[in-house]
Structures are given as structure tokens and as C-alpha cells.
Peer 1: 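One structure is given below, represented as C-alpha cells, and several questions about it will come after.
Chain letters run A, B, ... following the sequence lines, proteins first, then strands; residues in each count from 1. Since this is a predicted model, take the numbers as computed values, not measurements.
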Amino acid sequence: MNKENDADPTTSNFIREIVKDGIATNKQEGHICTRFPPEPNGFLHIGHAKSICLNFGLANEFGGTCNLRFDDTNPSKEEEVYVQSIIEDIKWLGFSWAGEIRYTSEYFDQLYDWAVCLIKKELAYVDDLNADEIREHRGTPTQSGRNSPFRNRSVEENINLFASMKNGEFSDGAKVLRAKIDMTSGNLNMRDPVLYRILRAHHHRTGDQWCIYPMYDFAHGQSDSIEKITHSICTLEFEDHRPLYDWIIKNLGIYHPQQIEFARLNLGYTLLSKRKLLQLVKEDHVSGWDDPRMPTISGMRRRGYTPESIRDFCERIGVAKANSTVEMALLEHCVREDLNKKAKRVMVVLRPLKLTITNYPEGQIEELTAENNPEDPKSGTRKVPFSRELYIEQEDFMEDPPKKFFRLAPGKEVRLKHAYIIKCEEMIKDRNGNITELKCTYDPDSKTGGSTAGRKIKGTLHWVSAQHAKKAEVRIYNHLFINENPANGQGDLTLSSGLNKESLEILQDCKIEPSLLDSKPGSRFQFLRMGYFCADLKDFTPDSPVFNRAVTLRDTWAKIAKQKK
RNA sequence: UGGGGCGUCGUCAAGCGGUUAAGACACAGGUUUUUGAUGCCUGCAUACGGAGGUUCGAAUCCUCCCGCCCCAGCCA
């Protein structure tokens, strides 16, 4: 259709259109207010990031506001630590909310009054049926339900009973408050849904003040209404709840926000369900919610992903109503694209192989100039020590190389990055036939600026001077699950069996440039030719440096080599 | 068999009765390169789940069919 401003990198989505239309028709006096309403029962993951970017992004885009509200109506699952982690993650992603943080629990008094209001309108009643009986009375999708025998209690009796529930006169589960709607509705949510339950659990904010708690359906819409939310954006599974959301708001006669549903994110090779992520943590399949293999915001942060790359990803995946699974490759692309522009290049040998340049003077040390980032001229250069004995990557040498192997092999030449062209003259093996050392010669004129510097050599290797190298631990991360769609396979029982046993490889004897000891935890680098890495936020110290691999570089050679096999 | 949704390239996803059916990722080829990285160039849906219909004209409207997802918590 009409080509929009070419400068606009964002593609249209249906929610943005709804918001635009609303503003164009002055529906909410031109103002937009969204909210991000997590339940504090776990850490945020990349799926939440999609929702965060949507809600905060829309508000920013249209000059509106976005609230942060903790949906804390079920004290049995919620904890303060989760509240803190969620706050940290949203901030880290780069968003800020309007005013104070909201809590649904702050509205408990108002919610109680509204429940009484429904009772007075004969639209709610106290039911003595227990959970099993209520389920039985509910019917099935194809069979309508039956009215509870307690459905026609008087207003006065209901008010008294509800007050008694609140006052702790009944045991947990003994009674509930239900909406009086329609037990024959095709929508199960409209068959007299439970509004309040009795629950004696310590609430992380209200303590033991309450022993009855509102259900999600009796709290969310009103909370939106109180906060004058214009667009209440949630995921598809709440579509069935919208008639109830609207029913409650309408019968209370209060401000009516618009609920809009979109498809939640699915990501290849991982799971995005708080329940299952909690299981991974509890069963020690990972080190915690912030394990770098976890699809959590905190895991990705620790892995070395940037907030910019996550926001970019969320913009690129779009927003729609079709269930879909986004390829991990897209997320990795976003990370690489961002880090390519920002990450300082350094040389680190992950799996060292000793290399001696036999014609290089013993004891001589050169400080070679290395660019910090070819993508960013302003990043400058640094000095890298070069000497007679070096380490190179084991995989950069082959005794019997295949065609098009542009690396080191007997008699072959290669360029050492920022340094000289060398030729492999001899290899030394131990008793078992393992290669332990390479003896090479170098071309003294081939250094940058030298007379033979322009010689075309196919391969360029990274290296570290042996006497200057420091030791580091590097953690190599791979997909947490073997299958691209782990959710496809059954339930909890197979959760652990679907785990990728090679999702973590720890390399203890990596050789790093000395300058890397000054790294700040969380700082990110490109280890030349190896990938993007991040100084671990928890475990990195100058005495025992630890780096995490965020993502590999694209590796055309690995593809070719794989095809040859 | 009830209610609510969804089906456009390998994966996401624009498209809103007239477009050569965007774009991105992935993939393939070429090129630059002291990172087999990056960059740059090229290719990649005669076709929109299927069948009918309306129309001068349909991915867009209508009908029927097929497939997939969600709902029977005193979870959110």
C-alpha cells in the first residue's frame, strides 16, 4: 500500500493501530495509559520483555504513560525477592514507569467495597459449596452447569456472610463469593465465577491483614479502572475472560478500559513458562533464575546480552494474534548486531596450543598496535605484547588439513593478527601422538608497515604471548534444550530428559590478554574470531577472571567443515 | 458435540477491494577484508489453509469445509 515514511523502522501492528484510532477519534481525550502488571511469583523472561516493550513502548510513542503494577492477589505464590528482581529487570531494559509503583493489594479495601456493591445489586452471592462441588456444578464445555443451592440467598445474608468471611469466621475454602451470571453460558468463565476465596497466607505487603483475597478476574479490571488505564494489553488466553472483565466493570458502573489480547512469545530451544523455569531452578538443572542459559532477563543480562538488543528483538518480532515460535537465530542476530558496534576486540585463546617462533630473538618483546574496534574508529588502539613463544587456538592447526583450510598446517603460512606472517616448520608430539607444540619461522618484514606487509595470506589467526598471558575461565553456553520445540514433548516428566547435556562447557585454562584483568564485571568483548563474551557479573575477579560466551560469531567455515563430514 | 481465537515464504510479519504480495531473520551465491567476522551486491511466495461465490478486479467481502491454539483453578 502507501509506502509510509521510509525512515520509520517499526512495522505496523494491530494494537498500535487501535491506539492510533483511539487517539484520532479522541476516544480517551487523546491520552493513552498502559500498564505492565506482573505477578511477583518468578523472574521476568524474554516473553515479559515483549509485553514490557509493547506497553512502555506504546506509551512513549504516543506521549502517554505506563504504570508498573504488581498483581499480588495470591500471597501463597508471591515473594518480595521477585518484586525486587522485576523492578531491576525493567529498569535494566531501559524503561521507567509513571509515578509510584502500584500494587493490586493497595486496592483491597476498594475491591471489598465493590464486592459488597455487587451483592447489593444481587449480582454476587456467598456459596458454601466446596471446590469439588463447584467444579461439578460448573458442567463441561458441552454441558451447561447447574445453579448452586446457595445462589438465592438474600442480600442481607450475603452481606453478613461476606463480612464474616473477611473477619476470619470461616476456615480456608469453606466459602467463596461468586458472581451471579449464567450457569448455562458457553463461556465457562461466565458460569458464576469465584470472586473471593478464603486464604490464610502471609502476604508480602499486607501481612496478615486479610484472610480473603480477590481472584484475578475481580481485581484486574478494577485496578485498570482505578488507574484510568486506556488500553489493558494482555495475552491471548485472557480472551475468554474479556466478557467477565467487561461485565464487572459495567455492573460496577466505573471507568471502562479496553482489554486487548496478543499472542505470547515462544522461542526456539527454550521454554517460556514461569512454572517450568521455576522447576529448572528448583531441580538444580541450572544455577538459578539468572543462569546465563535461562531465557530470563537476568539470565540474558548475565550472559552478556544488551538491553538494546532485547528491545530491538521485541520490535522485530512484531505483535499479532497468531501463535508462533520465533527462531533463536533472530535473537542472536540482534545481540551480534549490537555488540558488533560496541564490543572491544581482544585476543583470547580458548584451547591453547603452544607455538614457538624459532627465528625470533629470545627475550625480545614487541608492543604491537591493535585496533580496539574496526567498526568504531573512535575506539582507538591498544598495545599487545608479542614474543617468541605464543599460544594459538588448537583448532587453528591441522596436521592433515582438508582443502580450503586457511589456517596453520605443516609447511603452510598464516598471518598472526596485528603481527607477522609465520610458517609452520615442525610439529612436536608427545608419546600418545598428541600435538604439543609448533615450531614456526616468521617473516620480519611482514609486520604492519613492513615491506612484505601486503603479501596476501588467506588465513589470519588470533594469539596470545605466552609469557604475558593470564589464565581465565570461560564458560561456553549452548541451547538449554535439545529440541527446537521442547514444549511439544509431554509435560514435567520429560522436562529434564529434553535438556541439552552440552548446554554448559567450562574451559579452565584459557589464555587472555593481560589488559582483560582490569575488566569490570558485566563488560562485554569480542574475543577475536571466537564470539562475544561478558565478564561474569557474579564470579569475575581480577584474581580469577571468568567470562561467559554470549553468542558466537557467524562461522562460515564451521558450516563448510560440517558439510564435509 | 459448547464458547473464544488463529491460518500470508524455512521462521516471524506487513497487507484493511486495484501493490511487481513490504521488511527482517534464515538460506544460497558473489565481493571487500590482517576477524572464514563485519560491510556491500544478488537471488529467494505466479501466490496468501481448501473449495465455491460476489466483483471489471479478491490475501482482503460472503458461504461452506479443513487444520491448529485456548477455556471445565477457591492460579495469574
Peer 1: Is any side-chain nitrogen or oxygen of A:T142 closer than 4.0 Å to OP1 or OP2 of B:rG3?
Peer 2: no

Peer 1: Grab the CZ-C1' distance between A:F238 and B:rG3 for me, whole Å please.
Peer 2: 17 Å

Peer 1: Can you tell me how far C1' in B:rG23 sits from the matching atom in B:rA13, rounded to whole Å?
Peer 2: 8 Å

Peer 1: Please identify each residue that fulfils side-chain hydrogen bond (donor to acceptor under 3.5 Å, both in side chains) with A:R554, with sequence neighbours left out.
Peer 2: none

Peer 1: Can you tell me which residue among A:Q259, A:R35, A:E261, A:E227 is in a side-chain hydrogen bond (donor to acceptor under 3.5 Å, both in side chains) with A:S232?
Peer 2: A:R35

Peer 1: Could you tell me how far apart A:Y269 (OH) and B:rA26 (P) are, to the nearest whole angstrom?
Peer 2: 14 Å

Peer 1: Please state the C1' separation for the pair B:rU46 and B:rC64 - nearest whole angstrom.
Peer 2: 27 Å

Peer 1: Please state the P separation for the pair B:rC74 and B:rC65 - nearest whole angstrom.
Peer 2: 34 Å

Peer 1: Starting at atom CG of A:L330, determine the distance to atom C1' of B:rG23, rounded to an integer number of angstrom.
Peer 2: 12 Å

Peer 1: Testing A:L339, A:V551, A:I476 one by one against A:F533 for a side chain to side chain contact (heavy atoms under 4.5 Å, CB included), which residue passes?
Peer 2: A:I476

Peer 1: On the nucleotide B:rU35, are OP1 or OP2 found under 4.0 Å from the side-chain N or O atoms that A:H462 carries?
Peer 2: no

Peer 1: Can you tell me how far C1' in B:rU20 sits from the matching atom in B:rU63, rounded to whole Å?
Peer 2: 31 Å

Peer 1: Starting at CG of A:N187 and ending at P of B:rG2, how long is that distance when rounded to a whole Å?
Peer 2: 14 Å

Peer 1: Taking the ring of A:F238 and the ring of A:Y245, is the distance between their centroids below 6.0 Å?
Peer 2: no

Peer 1: Is there a side-chain polar atom (N or O) of A:T11 under 4.0 Å from OP1 or OP2 of B:rA24?
Peer 2: no

Peer 1: Would you measure the distance from the C1' atom in B:rC56 across to the matching atom in B:rA24 and give it in whole Å?
Peer 2: 36 Å

Peer 1: Roughly how far apart, to the nearest Å, are B:rA37 and B:rU19 at atom C1'?
Peer 2: 38 Å

Peer 1: Looking at A:R197, I'd like to know whether one of its side-chain N or O atoms comes within less than 4.0 Å of OP1 or OP2 on B:rC75.
Peer 2: yes

Peer 1: Between B:rC27 and B:rU8, how far is it from one P atom to the other, in whole Å?
Peer 2: 22 Å

Peer 1: Whole-Å distance between B:rC74 C1' and A:R178 CZ?
Peer 2: 10 Å

Peer 1: Send over the distance from A:E17 CD to B:rC16 C1', rounded to a whole Å.
Peer 2: 10 Å

Peer 1: Could you check which nucleotide pairs with B:rC27 in any of the strands shown, counting Watson-Crick or G-U wobble with both distances under 3.5 Å?
Peer 2: B:rG43

Peer 1: Just grab all the side-chain hydrogen bond (donor to acceptor under 3.5 Å, both in side chains) pairs involving residues 316-325 of chain A, residues at least two apart or on different chains.
Peer 2: A:E239-A:K321, A:D312-A:R316, A:R316-A:E337

Peer 1: Could you give the NZ-to-C1' distance, from A:K417 to B:rU38, as a whole number of Å?
Peer 2: 11 Å

Peer 1: Using the P atom as the point on both nucleotides, what is the distance between B:rC61 and B:rA14, in whole Å?
Peer 2: 16 Å

Peer 1: What is the separation between atom CH2 on A:W557 and atom C1' on B:rA37, rounded to the nearest whole Å?
Peer 2: 16 Å

